[in-house]
Amino acid sequence: MHMKTILILLVLALATIFALVCVLLTKGRAPSTCQHRPPGQEDADAGHSLVFADLTPQELLQVVRYLRGQLGVPLVDASRAKPSDNCIHFGNQPDPNVTEYVVGPLPTPTYHRDVTVQKYGGKVPYHRRPALAVEYEQLGGFLKSQVFPAAPSFMRQVMEYDGSSLAALTAAPRGSRSGDRLTWFVLFQNVSGFFAHPVGLEVLVDHSSLDISRWVVSRVFYNGQYYRDMVQLESAYVQGRVSVEKVRKAPRDGDFSSMKPRAPPSAPFPLQYEPQGPRYSIRNNHVVFQAWSFAFGMSVNTGLRLFDVRHKGERIAYEISVQEALSVYGSNCPGGMSTRYMDGSFGIGRYASPLVRGVDCPYSATYLDMHYLAHAEVSRTRRSALCIFEQNTGSPLRRHYSNLESLYYGGLVNSVLVLRSIATVGNYDYVWDFVFYQNGAVEGRVQATGYTSSSFLHGDGLRYGNRVWEHTLGTIHTHSVNYKVDLDVGGVKNSLVAQDMAFEITRVPWSLEQQIERPQLTKKVLDTEEQAAFRLQEKMPRYIYFAADSKNKWGHQRGYRIQISSSAGEHVPEASSMERAVSWARYQLAVTRRKEEEPTSTSIYNQNDPWTPTVAFADFIDNETITNEDLVAWITAGFLHIPHSEDIPNTVTVGNSVGFLLRPYNYYDLDPSIYSHDGVFFTSEQDVTACETNPIACLPKTASCLPNLPPFTYDGFKNISRL
């Protein structure tokens, strides 16, 4: 059994307990001559990758048992804990706090060590803790038992509330200054696709106290007007001083928000299949595909991540991982205008949804389960939380048809390997992909779909979005996603180089009276972190690459280029009191020295206290030299979303995809895909129908049988608790 140590957050109630593998691969130079794996090498690599593996249910159980026996404080199961309890979360202390421990080794823990001060420079205040499922349940109970009964006439006659006919979304961050824990609850009709059915009522609850009996309503909003509490709203309503905008009661299926198809099934859509089975292999958390190999995992907080990414046996990247997904909303309703969701705090990995075969991923993909410990003392299994598949993109990776001089055709199908998970965080669904190409390129991308968030349409609401239904305002918002890319190009010592072009004006050598403008290469080595930090709206050189201290056959530094696909617009103004918590989003690209004390660009604690962020990425950029150093690229991609009528019922992925490419740049002596077994080449003098000349000609025989498809199954609705 491989040995691990893990990091435990004693605040997130056994809930968002997550693991940090501390025994990592030595970051050393990979052998440059390793083109093919020797016998047994794949098994060795698979065993090596276990150091990056997520914890198994058995390992999680051992951690829980150890903490129960060794912490010296009574622990309550996180699924039923009050805010004042210890549940691998120190609420029942003279100084309630968030404490992080390293626990190890596994499979049999024998020690734990407090690393909170080491990581954050001090204790983490208790008010920064992310909200647990049980806290949401307690807040829901508070609304039903204390808040709504305070306005019986209004709730019955205007809201038509029957005890279960309303659903709620919460805004975040929770308040306006450090120490606050005040949450706006935005109310909707409790129907399918409720996100598009606002009713105009929003309630601000102060749940700062660890004593639930001391929770109070701080403000109430209805149809453009603010009230001190529900009692004042009820009084004003009874006296006829409330401007009532009655919302038509929607059927349980949501009517316009229903995702039920409006057309009957027809002929089946096209399917892809593998005539001779998968051409990739998976062992534990290790994947091999043609010249690629990598280890993968799923952080309960930040989602999909890769480690030890190798092409032709040589490491390209030590880590490629999602860091955060930020959404900033505008509205003239309080819940909408105060929303800045930092999804890592809620759990991008925790909310990985079970994938539907044939829709979320190709039918014949390989589906993998995820095990995690969140909001309970017992680990859970998310069935089919990841998928891996090879995909024929339907276009060539490269090709040429020659009809000049010699007559020939040469081409290569663009067949790629995709690793995917889809996280449903509230209303939004994020499709997370890592894509591996045969030419040595890697792509990280995210596609956004799901339901758009909405506010109740009133007053000057059209300044903040489009009307998408009778009382529904689709609210303007931005999406920003941050990635960590720890490249090791030809070893761990790299420099950052920028190249672009400028027009050079010169005399025509053979006709000096004439002038010519010709593109000329510009090149600059970016020596410091400040030079390598490109603001969101700043013009960035079009070629930026990590350069090795070794050269290819043609005398160029071997490199990997970073190419970003993004339409991110304005960032939160830096004058904002909460901007430092999301300061990673200032930059489309920032390259820093790799440091063990800077493992992530943000923190799960930033959501509930952005005014005093636990991690501020801006502090990473301190003008250190980055020449011939171990470097990390922090990439931000995003887009602006102005919801429109075609976002009803659902936002589509088309046009809502952003990400980045890592592309070899003088890394090889020629395109490595020329060695692919999928290549096709024939001349005018050859028999193109012969299999030995053209393998495509054999497809009618080799792929003539129908695929043996597995039966359709889905476990996504099992063990779901509704708040």
Side-chain angles (χ1 to χ4, degrees), residues 24 27 118-121 302 316-324 326 444 480-500 522-549 557-564 566 568 571-576 579-603 606 613-638 660-663 665:
L24 299 178
K27 291 201 68 182
Q118 173 187 332
K119 286 188 66 179
Y120 304 118
T302 58
I316 302 301
Y318 177 71
E319 176 186 356
I320 306 175
S321 58
V322 180
Q323 294 290 294
E324 184 62 283
L326 168 70
S480 300
V481 174
N482 190 240
Y483 292 89
K484 178 182 182 180
V485 179
D486 184 353
L487 286 171
D488 287 345
V489 180
V492 297
K493 299 296 184 181
N494 294 154
S495 299
L496 190 68
V497 180
Q499 290 185 325
D500 213 308
T522 63
K523 180 177 180 179
K524 181 181 181 181
V525 177
L526 304 178
D527 296 313
T528 66
E529 291 178 339
E530 291 289 347
Q531 292 179 11
F534 295 92
R535 298 279 179 145
L536 211 56
Q537 302 298 330
E538 181 180 353
K539 184 179 180 181
M540 190 170 75
R542 285 169 284 187
Y543 277 63
I544 288 189
Y545 60 94
F546 275 40
D549 59 2
Q557 282 183 292
R558 302 173 70 210
Y560 251 79
R561 177 188 173 196
I562 299 171
Q563 185 174 344
I564 302 172
S566 172
H571 174 54
V572 175
E574 290 183 34
S576 167
E579 187 276 338
R580 276 176 53 78
V582 293
S583 52
W584 52 264
R586 295 178 189 175
Y587 309 98
Q588 51 189 314
L589 173 68
V591 176
T592 64
R593 277 195 192 182
R594 184 187 186 277
K595 297 179 181 178
E596 292 293 336
E597 60 270 26
E598 295 176 352
T600 59
S601 61
T602 184
S603 165
N606 282 12
T614 303
V615 173
F617 177 77
D619 295 339
F620 290 15
I621 302 170
D622 49 11
N623 217 30
E624 289 184 295
T625 180
I626 56 171
T627 304
N628 200 32
E629 297 284 353
D630 193 358
L631 304 179
V632 174
W634 308 88
I635 298 171
T636 297
F660 64 92
L661 279 164
L662 306 175
R663 301 173 59 186
Y665 185 70

J.: Could you tell me which residues satisfy salt bridge (Lys or Arg N to Asp or Glu O under 4.0 Å) with E597, sequence neighbours excluded, listed by chain and number?
T.: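 So E597 forms no salt bridge (Lys or Arg N to Asp or Glu O under 4.0 Å) with any residue.
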
J.: Does a salt bridge link R594 with E319, judged by any charged N lying under 4.0 Å from a carboxylate O?
T.: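 Salt bridge absent between R594 and E319.
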
J.: Please examine the side chains of V591 and F546, heavy atoms only from C-beta on, and report whether any two atoms are closer than 4.5 Å.
T.: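 Counting from C-beta outward, F546 and V591 do come under 4.5 Å.
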
J.: Would you please name every residue forming a salt bridge (Lys or Arg N to Asp or Glu O under 4.0 Å) with D527, sequence neighbours left out?
T.: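 D527: no salt bridge (Lys or Arg N to Asp or Glu O under 4.0 Å) contacts found.
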
J.: What are the two closest heavy atoms between A581 and P613, and how far apart are they?
T.: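 A581 and P613 have their closest heavy atoms at CA-CB, 3.7 Å.
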
J.: Can a donor-acceptor pair be found, under 3.5 Å and without considering hydrogens, that links the side chain of E629 to the backbone of I626?
T.: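 No; judged by distance alone, with no hydrogens or angles, the pair does not exist.
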
J.: Identify the heavy atoms of S566 and G638 that sit nearest to each other, and give their distance.
T.: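 Minimum heavy-atom separation between S566 and G638: OG-N, 2.9 Å.
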
J.: Considering only heavy atoms from C-beta outward, does the side chain of H571 approach that of R535 to under 4.5 Å?
T.: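 With C-beta onward as the side chain, the pair stays apart.
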
J.: Check whether any side-chain N or O of N606 sits under 3.5 Å from a backbone N or O of V615 as a donor-acceptor pair, and report yes or no.
T.: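 Between the backbone of V615 and the side chain of N606 there is a qualifying donor-acceptor contact (under 3.5 Å).
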
J.: For K493 and D630, which heavy atoms make the closest approach, and how far apart are they?
T.: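 So the minimum-distance heavy-atom pair works out to CD-N, 4.4 Å.
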
J.: Applying side chain to side chain contact (heavy atoms under 4.5 Å, CB included) to L662 and L487, what does each step give before you reach the verdict?
T.: CA-CA 9 Å; L662 306 175; L487 286 171; 3.9 Å; yes

J.: Considering only NZ, NE, NH1 and NH2 on the basic side and carboxylate oxygens on the acidic side, decide whether R593 and E598 come within less than 4.0 Å.
T.: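 Salt bridge between R593 and E598, a charged N being under 4.0 Å from a carboxylate O: no.
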
J.: Looking at F617, Y483, F534, which hits ring pair (Phe, Tyr, Trp, His ring centres under 6.0 Å) with W634?
T.: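 By the ring pair (Phe, Tyr, Trp, His ring centres under 6.0 Å) criterion, W634 pairs with just one of F617, Y483, F534: F617.
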
J.: Assess the residue pair T522 and D500 against the criterion (side-chain hydrogen bond (donor to acceptor under 3.5 Å, both in side chains)); give the C-alpha distance rounded to whole Å, side-chain angles, the decisive distance to 0.1 Å, and a yes or no.
T.: CA-CA 5 Å; T522 63; D500 213 308; 5.4 Å; no

J.: If you look at every heavy atom in S583 and A616, which pair is closest and at what distance?
T.: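 Nearest pair, atom of S583 first, then A616: OG-C, 4.0 Å.
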
J.: For R580, which residues count as a salt bridge (Lys or Arg N to Asp or Glu O under 4.0 Å) partner, sequence neighbours excluded?
T.: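 By the salt bridge (Lys or Arg N to Asp or Glu O under 4.0 Å) rule, R580 matches D619.
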
J.: Show the nearest heavy-atom pair for residues T302 and Q323, with the distance to one decimal.
T.: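 Closest approach of T302 to Q323: CG2-O, 3.3 Å.
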
J.: Once rounded to the nearest 0.5 Å, what's the spacing between atom NZ of K484 and atom CD1 of I320?
T.: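 The NZ atom of K484 sits 11.5 Å away from the CD1 atom of I320.
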
J.: Can you name the side-chain hydrogen bond (donor to acceptor under 3.5 Å, both in side chains) partners of T614, sequence neighbours left out?
T.: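 Listed in chain order: R128.
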
J.: Taking T627 for the side chain and S495 for the main chain, is one N or O donor matched with an acceptor at less than 3.5 Å?
T.: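 Checked: no pair found.
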
J.: For atom NZ of K595, decide whether the heavy atoms of other residues, nucleotides or ligands shown that lie under 6.0 angstrom number more than 12.
T.: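 More than 12 within 6.0 Å, yes.
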
J.: Mind checking what makes ring-ring contact (aromatic ring centres under 6.0 Å, His included) contact with Y665, not counting sequence neighbours?
T.: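 Partners of Y665 by the ring-ring contact (aromatic ring centres under 6.0 Å, His included) criterion, ordered by chain and then number, come out as Y543, Y545.
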
J.: Quick check for you: to the nearest 0.5 Å, what is the distance between T625 atom OG1 and Q531 atom CD?
T.: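 Rounded to the nearest 0.5 Å, the OG1-CD separation comes to 9.0 Å.
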
J.: List the residues meeting side-chain hydrogen bond (donor to acceptor under 3.5 Å, both in side chains) with N482, not counting sequence neighbours, and say none if there are none.
T.: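 S601, T636.
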
J.: Minimum heavy-atom separation for F620 and T600, please, with both atom names.
T.: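 Here F620 and T600 meet closest at CZ-O, 3.2 Å.
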
J.: Before giving the answer on side chain to side chain contact (heavy atoms under 4.5 Å, CB included), spell out for T592 and D622 the whole-Å C-alpha distance, their side-chain angles and the decisive distance to 0.1 Å.
T.: CA-CA 9 Å; T592 64; D622 49 11; over 6 Å; no

J.: Side chain of R561, backbone of R542: donor and acceptor closer than 3.5 Å?
T.: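 Judged by distance alone, yes, a pair lies under 3.5 Å.
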
J.: Treating N494 as the side-chain partner and V489 as the backbone partner, does any N or O pair qualify as donor plus acceptor under 3.5 Å?
T.: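 Answer holds: yes.
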
J.: When you measure from the side chain of Q499 to the backbone of K523, do you find a donor-acceptor pair of N or O atoms at a distance under 3.5 Å?
T.: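 Not at all, since once roles are kept as given, no pair shorter than 3.5 Å links the two residues.
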
J.: Would you say that I544 contacts L496 through its side chain, given a criterion of any heavy-atom pair below 4.5 Å between the two side chains?
T.: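 Counting from C-beta outward, I544 and L496 do come under 4.5 Å.
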
J.: Out of curiosity, R663 CZ to I562 CD1, how far, rounded to the nearest 0.5 Å?
T.: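 Output value for this atom pair is 13.0 Å.
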
J.: Do F660 and L589 come within less than 4.5 Å of each other through their side chains, counting heavy atoms only?
T.: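 No, every pair of side-chain atoms sits at 4.5 Å or beyond.
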
J.: Under a 4.5 Å cut-off applied to non-hydrogen side-chain atoms, are L326 and W584 in contact?
T.: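 In short, these two side chains touch, coming nearer than 4.5 Å.
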
